[in-house]
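First comes the structure, then the notes that go with it.
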Protein chains: 2
Amino acid sequence: MSSANSDTPTRILESTLALLEAPGGKLPTMSDIAKAAGVSRQAVYLHYPSRTDVLIAATRYQDQMLDMDTALAPSRTAANGRERLDAFVTAWCNHVPKIHGVARAIMALTSTDAEAKAAWDIRMTDLREGCAAAVAALARDGTLPDSMDQAKATDLLWALLSIRNWENLTQTCGWEQSRYAMTIRAMAVATLTQDTGPLTDALACPEPPA
Amino acid sequence: MSSANSDTPTRILESTLALLEAPGGKLPTMSDIAKAAGVSRQAVYLHYPSRTDVLIAATRYQDQMLDMDTALAPSRTAANGRERLDAFVTAWCNHVPKIHGVARAIMALTSTDAEAKAAWDIRMTDLREGCAAAVAALARDGTLPDSMDQAKATDLLWALLSIRNWENLTQTCGWEQSRYAMTIRAMAVATLTQDTGPLTDALACPEPPA
DNA sequence: CTGTCAATTGACACTGTGTCAAGCTGGAAG
DNA sequence: CTTCCAGCTTGACACAGTGTCAATTGACAG
């Protein structure tokens, strides 16, 4: 709610983010957004050509605020593939809850709105590149299972990290965020490395609320 | 397209299914549905109170036609937990592409329509029960990893089998259906059994188009 | 012929998006 | 001080889509 002293376009984005992160998050209408920003409906159109554009701009604004690049730094400087995978998966898993409100809105639009779909695809491509980099590091170390080429490993990791999986496990199944993160990390390791040993140990993780 | 000689309500459902399974599947409007069924828009309302109800009824109609219960029979008669898991996962994986058109529509509605959400939740609960049964069979055999209680194993399997994962891997990543099915099956086995041995072998699967 | 049922036609209210035109206002520039 | 103008407001409109209603048609059974 740092929405008092900014200029109108920014205030609109901040209000939109607040709406999207609200608990019973319906897709806000233009009127909702305008009201939340303390501005007339037309004022919103004065700055953003359509609702989709507002939502996409809000996403970008949030990206700026959250600074994912910094969060990924440990992953890029990891000593080996396994550590890189660990760091990347952990960083992403902890990023998801922060962007979920916004992501849910964009995902909802993708079924009807081509522009939203394009914006979403870009985001997913970015994630995919991170996955590919982690997989490439594993490949360099030779720790990728023999049967798994890099493309397939990247696809699998990307699918594993999907926001829908986060939704299913934490929202629908009620998992703690920490349990989600540790389990996904363990599955990534188990699936993408020929780590014969303590698969079982790796999948161990805090029971309900530890 | 067996839509010539049925009664109107059925013809509406069949036309709706055809629209949902069409390649560039947008969410059909009531006019679309009426036109496809060769009937006036109001005639649709004469049989179904809302668009959501048409879609849900179409889902149920398709369920009847596809007879998932029969497809799951091998899973129920499996000799041990591992075989049951295999059979269940395989049956579900091969079921997903058949229901995807319909599922996508219902999923799209869940964000705005409570009734659609309820219908979807029921479907997901059914899937979850199948997962729980397979997991229970593993538990009876004692082949569940020590660190994994039945509830967690069920959650994980359920998430793994989600339609979104199928979409991501086959639609977005372009995997062949067979590759999808074999990989998911292997991941399920690797994650849910303390199968120390040939994890790598299990994850092997046909390269691109074999 | 008469009822009845299914379907049709055409109208309407409502919500939401996006567009347009005219008016208001406060502050900077002359 | 006046003028100007950018930013915002108000209020109207067209359009698409949902869902409702009423009057009408047409066929078929009794």
Side-chain angles (χ1 to χ4, degrees), chain A residues 3-16 19-20 22 24-59 61 104-119, chain B residues 3-16 19-20 22 24-59 61 104-119:
Chain A
S3 51
N5 39 10
S6 348
D7 60 353
T8 304
T10 307
R11 214 166 57 243
I12 289 170
L13 299 186
E14 284 166 350
S15 309
T16 303
L19 288 174
L20 292 175
K26 291 276 131 221
L27 262 186
T29 68
M30 283 305 238
S31 304
D32 293 336
I33 292 170
K35 199 187 303 177
V39 99
S40 71
R41 193 171 69 93
Q42 313 324 314
V44 182
Y45 282 105
L46 231 48
H47 298 284
Y48 305 98
S50 73
R51 184 176 68 158
T52 300
D53 289 87
V54 179
L55 294 177
I56 291 173
T59 311
Y61 179 73
R104 192 162 38 113
I106 306 279
M107 288 190 292
L109 289 181
T110 48
S111 56
T112 51
D113 188 312
E115 196 188 353
K117 173 150 176 39
Chain B
S3 50
N5 36 10
S6 347
D7 61 352
T8 303
T10 307
R11 214 164 59 241
I12 289 170
L13 298 186
E14 284 166 350
S15 309
T16 303
L19 288 174
L20 292 176
K26 290 277 133 220
L27 263 186
T29 67
M30 283 305 239
S31 302
D32 294 336
I33 291 170
K35 200 188 301 176
V39 101
S40 71
R41 192 171 70 92
Q42 313 324 317
V44 182
Y45 282 104
L46 230 47
H47 298 284
Y48 305 98
S50 74
R51 183 175 68 158
T52 300
D53 289 271
V54 178
L55 295 177
I56 291 174
T59 310
Y61 180 72
R104 192 162 39 113
I106 306 280
M107 288 189 293
L109 289 182
T110 49
S111 54
T112 51
D113 188 312
E115 196 189 352
K117 174 148 177 38

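Values in this document were obtained by computation on a predicted structure and should not be read as measured data. Note on naming: letters A, B, ... go to the chains in the order of the sequence lines (proteins, then strands), and numbering restarts at 1 for each one.
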All N/O pairs under 3.5 Å across the protein-nucleotides 22-26 of chain C interface:
none

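Taking atom CD1 of A/Ile12 as the reference point, atom C1' of D/dC8 lies 11 Å away to the nearest angstrom. Remark: P of D/dT18 and OH of B/Tyr48 are 17 Å apart, rounded to the nearest angstrom. Between B/Leu55 atom CG and D/dG19 atom C1' there is a gap of 15 Å when expressed in whole angstrom units.
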| query | Quick one: what's the B/S/- string for nucleotides 7-19 of chain C, heavy-atom cutoff under 4.0 Å, read 5' to 3'? | reply | BSBBB-----BBB
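The closest donor-acceptor contact from the side chain of A/Tyr48 to the backbone of A/Pro9 lies under 3.5 Å. Under a 3.5 Å cut-off, the side chain of B/Lys117 and the backbone N or O of B/Met107 do not form any donor-acceptor pair.
Rounding to the nearest 0.5 angstrom, the gap separating the CD1 atom in A/Ile12 from the OG1 atom in A/Thr8 is 6.5 Å.
Contact check for B/Asp113 versus B/Arg51: no side-chain heavy atoms found under the 4.5 Å cut-off.
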List, one per line, each side-chain donor-acceptor pair under 3.5 Å for residues 30-38 of chain A, sequence neighbours excluded.
residue: A/Asp32; atom: OD2; partner: A/Thr29; partner atom: N; Å: 2.9
residue: A/Asp32; atom: OD2; partner: A/Thr29; partner atom: OG1; Å: 3.2

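Considering all non-hydrogen atoms of both residues, B/Ala108 and B/Ser111 come closest at O-OG, 3.2 Å. Taking each heavy atom of A/Ala116 and A/Leu109 in turn, the nearest pair found is CB-CB, 3.5 Å. Here the shortest heavy-atom pairing between A/Arg104 and A/Leu20 reads NH2-O, 4.0 Å.
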